[in-house]
Amino acid sequence: MEATEKVLTITPAEWSHEAARILASSIRGAPCFRVADYARELATAPDARLYRVADGAATVGYVMVRIERYAGGAEGVIAAAGGKLAGAALYRQVLPAIESMFRGVKTIR
């Protein structure tokens, strides 16, 4: 049997209940941080962005990124990521695409 190749799309997204639900897993172990803090950051930080990861029409994850500027240069930050897709390693498949979206940064974390 041949493996089926998944073609994922990554598109800009607005904050939603779905994004909150999927990103909720990313705050485990952060006692003071809440999912609502992501929404606040997206609304107030000029360099924060939310992206939806989809397999066809089905949402399989969300990624939130931002750029932080320091005296030594700009740093791309993957602030949050969550999701899952049966038969796929989202981290391995999505991370290179997300990293390639950062422009004008010295490092990515």
Side-chain angles (χ1 to χ4, degrees):
M1 217 182 224
E2 286 186 29
T4 303
E5 184 175 313
K6 298 280 185 185
V7 177
L8 302 177
T9 58
I10 302 170
T11 55
E14 297 293 322
W15 188 252
S16 65
H17 291 294
E18 179 183 61
R21 179 181 55 77
I22 290 175
L23 291 177
S25 65
S26 70
I27 63 169
R28 290 186 193 130
C32 297
F33 195 86
R34 302 290 182 262
V35 173
D37 292 318
Y38 290 140
R40 180 183 44 78
E41 185 172 352
L42 285 166
T44 61
D47 291 322
R49 303 283 183 269
L50 181 67
Y51 293 95
R52 176 181 176 260
V53 182
D55 176 21
T59 299
V60 296
Y62 281 91
V63 178
M64 185 178 148
V65 300
R66 67 176 176 261
I67 296 175
E68 296 178 356
R69 292 174 182 7
Y70 300 105
E75 182 174 70
V77 178
I78 299 172
K84 62 183 171 180
L85 176 61
L90 285 180
Y91 179 83
R92 188 178 71 235
Q93 292 179 323
V94 173
L95 184 63
I98 294 295
E99 288 179 338
S100 73
M101 295 172 147
F102 287 108
R103 299 283 184 252
V105 299
K106 283 185 145 183
T107 63
I108 299 171
R109 67 173 162 93

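Everything numeric here is computed off the predicted structure, so don't read it as measured data. We count residues from 1, following the sequence as given.
- Rounded to the nearest 0.5 Å, atoms OG (S100) and CD1 (I108) are 8.5 Å apart.
- A heavy-atom distance below 4.5 Å is found between the side chains of I78 and L95.
- Listed by chain and residue number, D37 satisfy the salt bridge (charged side-chain N to carboxylate O under 4.0 Å, His left out) test with R40 (two or more places apart in sequence, or in another chain).
- Looking only at side-chain heavy atoms (C-beta outward), L8 and Q93 come within less than 4.5 Å of each other.
- In the hydrophobic clustering of this structure, L42 does not group with V63; members are Ile, Leu, Val, Met, Phe, Trp, Tyr whose side-chain heavy atoms approach within less than 4.5 Å, directly or through other members.
- The two residues L23 and S26 make their nearest non-hydrogen contact at O-OG, 2.6 Å.
- Annotation for R103 and I67: closest pair O-CD1, 4.4 Å, computed over non-hydrogen atoms.
- Across I10 and A97, no two heavy atoms sit closer than the pair CD1-CB, 3.6 Å.
- Qualifying side chain to side chain donor-acceptor pair (under 3.5 Å) partners for R21, counting only residues two or more places apart in sequence or in other chains: none.
- Counting all heavy atoms, side chain and backbone alike, R52 lies closest to A57 at NH2-O, 2.9 Å.
- Under the salt bridge (charged side-chain N to carboxylate O under 4.0 Å, His left out) criterion, the residue pairs touching residues 66-78 are E41-R66, D47-R69, R66-E68, E68-R109, E75-R109, with sequence neighbours excluded.
- Counting only residues at least two apart or in different chains, salt bridge (charged side-chain N to carboxylate O under 4.0 Å, His left out) contacts with residues 7-18 are absent.
- Under the ring-ring contact (aromatic ring centres under 6.0 Å, His included) criterion, no residue pair touches residues 42-82, with sequence neighbours excluded.
- Rounded to the nearest 0.5 angstrom, L50 CG and T11 OG1 are separated by 9.5 Å.
- Sorted by first then second residue, the ring-ring contact (aromatic ring centres under 6.0 Å, His included) pairs that include residues 6-35, not counting sequence neighbours, are F33-Y38.
- Hydrophobic clustering of Ile, Leu, Val, Met, Phe, Trp and Tyr side chains at less than 4.5 Å, counting indirect connections, keeps V77 apart from V105.
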